[in-house]
Amino acid sequence: MLKAVLFDLDGTLVDTERLYLQANAAASAQLGQPLPAAAFQRLVGTGDLRQNAWLQQQFGAGLEAFIRLSDELVEQQLGSVSALPGATQLLNHLHQRGIQLGLVTVSPSTYVNNIVTQQPWPQFDVTVTGDVGASKPAPDLYQRALSQLALPTPAVVAVEDTPAGVTAANAAGLRCLQVHDLAPASAKATAVLPDLVAVAAWLRNA
């Protein structure tokens, strides 16, 4: 029986992945190495950008400056971030059913709080951010969330939008639904679904 659902944030509940792509392109242009937004799509869901070989090849010693500028450009737009279609309805529905809600994201806590406080969402029972463990696809963040919930893994489902997130949830012993958007579909996902409305339908039978 379903007792809790753990959600990723960026690209799963809020439409920020495209914001990051635009910021990456703008940062690269400001640093004199212009690349189109589409070139950065390969970074969606990859975790720590400092460890990304492609980025290191593109920016070399300027990688830290690129990451810092990208983050600054994203931060300037956080006030206009919107929830993805169906997110608010899904969270409210699960809350009303008495199902615990969790947020498991590689993003830092200040960024997460900035976004979550703008949304008309019920309170998350568990929030785990990238401040406290290894980035996805490592299972650390999901393991921490599970330890706080104190529930058996069959009673918990994760919702992600990237293969890295799916891998992290699986490695923690969880079933994981993937909302298929910018990142490729994962063969490891319990189901690959087109949007959160489809996720809600799947969870009704879980």
Side-chain angles (χ1 to χ4, degrees), residues 2-14 16-17 19-21 23-24 40-59 63-64 66-68 70-71 74 84 87 100-116 124-193 196 199 206:
L2 184 66
K3 296 289 187 181
V5 182
L6 301 176
F7 291 90
D8 174 52
L9 180 63
D10 294 292
T12 300
L13 290 177
V14 290
T16 48
E17 297 290 14
L19 178 61
Y20 270 100
L21 296 182
N24 293 157
F40 295 97
Q41 189 163 327
R42 71 190 73 197
L43 303 179
V44 173
T46 57
D48 187 357
L49 297 183
R50 292 168 181 82
Q51 304 301 318
N52 187 277
W54 179 80
L55 272 183
Q56 291 174 346
Q57 182 181 20
Q58 300 302 315
F59 295 99
L63 180 57
E64 288 291 341
F66 166 78
I67 293 173
R68 183 173 59 253
S70 291
D71 288 345
V74 168
L84 285 164
Q100 294 188 70
L101 302 174
L103 197 61
V104 180
T105 171
V106 301
S107 295
S109 58
T110 51
Y111 168 93
V112 172
N113 291 337
N114 196 340
I115 289 180
V116 170
F124 289 96
D125 299 282
V126 171
T127 297
V128 179
T129 70
D131 298 331
V132 298
S135 185
K136 302 169 187 177
D140 299 41
L141 303 182
Y142 276 107
Q143 289 170 339
R144 182 178 287 263
L146 286 169
S147 70
Q148 293 179 26
L149 288 171
L151 291 172
T153 53
V156 184
V157 170
V159 182
E160 284 276 356
D161 70 310
T162 68
V166 173
T167 298
N170 288 168
L174 296 175
R175 295 174 291 168
C176 187
L177 308 178
Q178 183 184 4
V179 182
H180 190 203
D181 187 20
L182 293 177
S186 172
K188 298 179 181 179
T190 303
V192 178
L193 302 168
L196 290 171
V199 169

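- Between L149 and Q100, some side-chain heavy-atom pair lies under the 4.5 Å cut-off.
- Contact record, A206 with L2: O-CB, 4.1 Å, taken as the closest heavy-atom pair.
- With no hydrogens or angles considered, a side-chain donor-acceptor pair links Y142 and E160 at under 3.5 Å.
- Partner of R175 under the side-chain contact (heavy atoms from CB on, under 4.5 Å) criterion, chosen from N170, T153, V157: V157.
- Looking at D8 and L13, their side chains never come closer than 4.5 Å, going by heavy atoms from C-beta outward.
- Side-chain N or O atoms of T162 include one that pairs as donor or acceptor with a backbone N or O of G165 at under 3.5 Å.
- In this structure a side-chain-to-backbone donor-acceptor pair under 3.5 Å is missing from N114 to T110.
- Taking 4.5 Å as the limit, every side-chain heavy atom of N52 sits out of range of all side-chain heavy atoms of L63.
- Heavy atoms only, all atoms of each residue included: P163 and P184 are closest at CG-O, 3.2 Å.
- Looking at every heavy atom in both residues, L141 comes nearest to A134 through CG-O, 3.7 Å.
- Residues L9 and L103 meet the side-chain proximity criterion, which asks for heavy atoms closer than 4.5 Å.
- The side-chain heavy atoms of V159 and L6, taken from C-beta on, include no pair separated by under 4.5 Å.
- Not one N or O on the side chain of K3 forms a donor-acceptor pair closer than 3.5 Å with the backbone of P152.
- Closest of all the heavy-atom pairs between V128 and R144 is CG1-CD, 3.9 Å.
- Q41 places a side-chain N or O within donor-acceptor distance of the main-chain N or O of L182, the cut-off being under 3.5 Å.
- Here the side chain of D125 pairs a donor or acceptor atom with the backbone of L101 at under 3.5 angstrom.
- When all heavy atoms of L174 and A158 are compared, the pair lying nearest together is CD1-CB, 4.3 Å.
- Counting only N and O atoms by type, the side chains of Y111 and D10 include a donor and acceptor under 3.5 Å apart.
- Considering every non-hydrogen atom in both E17 and G11, the closest pair reads CG-CA, 3.5 Å.
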> Step by step, would you call F40 with W54 a ring-ring contact (aromatic ring centres under 6.0 Å, His included)?
Replying inline: CA-CA 10 Å; F40 295 97; W54 179 80; 5.6 Å; yes
